[in-house]
Amino acid sequence: RSSDLVAALARVERTDFLSPMCIGEVSHVSAEITYTSTRSVEVQVNVLAENILTGAKRLTNRATLWYVPLSLKNVDKVIDVPPIEYASKEQEEEGKKRYENQKFERLETKQRNGDIITAVINAEPYTVGFSQSSLIHLVGPSDCTLHGFVHGGVTMKLMDEVAGIVAVRHCKTNIVTASVDAINFHRKIGR
């Protein structure tokens, strides 16, 4: 909540799709900070679906996201994060373990980042080449932040769509996303 910085999504730690949300239900999305390091913030998000006729609520989605604050004057500069007060020392220690784990995994994926998938033409059914797919999307203003960078959610949606195409092509039936273990954002994507 500051006018001189922007929070950039750095990593989606985990996203669980626990229950479908139906047409006519009301979604309740809540988020809270669960850990801060000197340069990043862990945010836990929960989504509830409410049946407005009965008032019954159920947890449909849960996600853990990591953000880094960037200066608006220089978007390549990461700003220090104020510390958060924890309810207990154990809560802080658990958060630090999660932070160290995600930091290690981020570095690992950054090292593997050079792998590129090349398309296989006329592949046999039920092979890797047969299931491959790509999705082309023209980035528009509605996909971007006020500073011209693509929202992390837009990128996640595109990845989920092309992954779904691949899964349907292989399984020959409808599929749903069951879980997203981690998505790392190493660089900003400009328009």
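The first residue in the sequence is number 1, and the count goes up from there.
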Check: Would you say the side chains of T34 and Q44 form a donor-acceptor pair under 3.5 Å?
Finding: no
Notebook entry, point to check: Sub-3.5 Å donor-acceptor pair from the side chain of Q91 to the main-chain atoms of A87, do we have one?
Noted result: yes
Note to self: I'd like to know if the side chain of D16 reaches the main chain of L18, judged simply by a donor and an acceptor atom lying under 3.5 Å from each other, with no hydrogens or angles considered.
What the structure shows: no
Should [X] and [Y] count as side-chain neighbours, where that means a heavy-atom distance under 4.5 Å?
X: Y86; Y: T36; result: yes
X: F17; Y: T15; result: yes
X: Q102; Y: E42; result: no
X: Y35; Y: I84; result: no
X: V29; Y: V45; result: yes

Next item on the list: Take V43 and T64 through the test side chain to side chain contact (heavy atoms under 4.5 Å, CB included) and record every step on the way to the result.
Entry: CA-CA 6 Å; V43 178; T64 304; over 6 Å; no
Next item on the list: Tell me, please, which residues at least two apart from K77 pass side-chain contact (heavy atoms from CB on, under 4.5 Å).
Entry: S71, N74
Next item on the list: Please identify each residue that fulfils side-chain contact (heavy atoms from CB on, under 4.5 Å) with S19, with sequence neighbours left out.
Entry: R58, T60
Next item on the list: Of all the heavy-atom pairs spanning L9 and V12, show the shortest one and how long it is.
Entry: CD2-CG2, 4.1 Å
Notebook entry, point to check: Of the non-hydrogen atoms in S40 and S37, which two are nearest, and what is the gap between them?
Noted result: OG-OG, 2.7 Å
Note to self: Run the side chain to side chain contact (heavy atoms under 4.5 Å, CB included) test on I52 and E25 for me, step by step, so that the C-alpha distance in whole Å, both residues' side-chain angles and the decisive distance to 0.1 Å come before the verdict.
What the structure shows: CA-CA 6 Å; I52 56 175; E25 290 183 316; over 6 Å; no
Next item on the list: Determine, using the 4.5 Å side-chain heavy-atom cutoff (strictly less than), whether V26 and L59 are members of one ILVMFWY cluster.
Entry: no
Got a second to check how far [X]'s [atom1] is from [Y]'s [atom2], nearest 0.5 Å?
X: I79; Y: K73; atom1: CD1; atom2: NZ; answer: 8.5 Å
X: K57; Y: S27; atom1: NZ; atom2: OG; answer: 11.5 Å
X: M21; Y: E50; atom1: CE; atom2: CD; answer: 10.5 Å

Next item on the list: Go through the steps to decide whether F104 and Y99 satisfy the test side chain to side chain contact (heavy atoms under 4.5 Å, CB included), and finish with yes or no.
Entry: CA-CA 9 Å; F104 177 76; Y99 168 74; over 6 Å; no
Next item on the list: Begin with the C-alpha distance, continue with both residues' side-chain angles, and end with the deciding distance and a verdict on side chain to side chain contact (heavy atoms under 4.5 Å, CB included) for E32 and N46.
Entry: CA-CA 9 Å; E32 66 181 6; N46 291 306; 6.0 Å; no
Next item on the list: With sequence neighbours left out, write down each residue that passes salt bridge (charged side-chain N to carboxylate O under 4.0 Å, His left out) with E92, or none if nothing qualifies.
Entry: K89
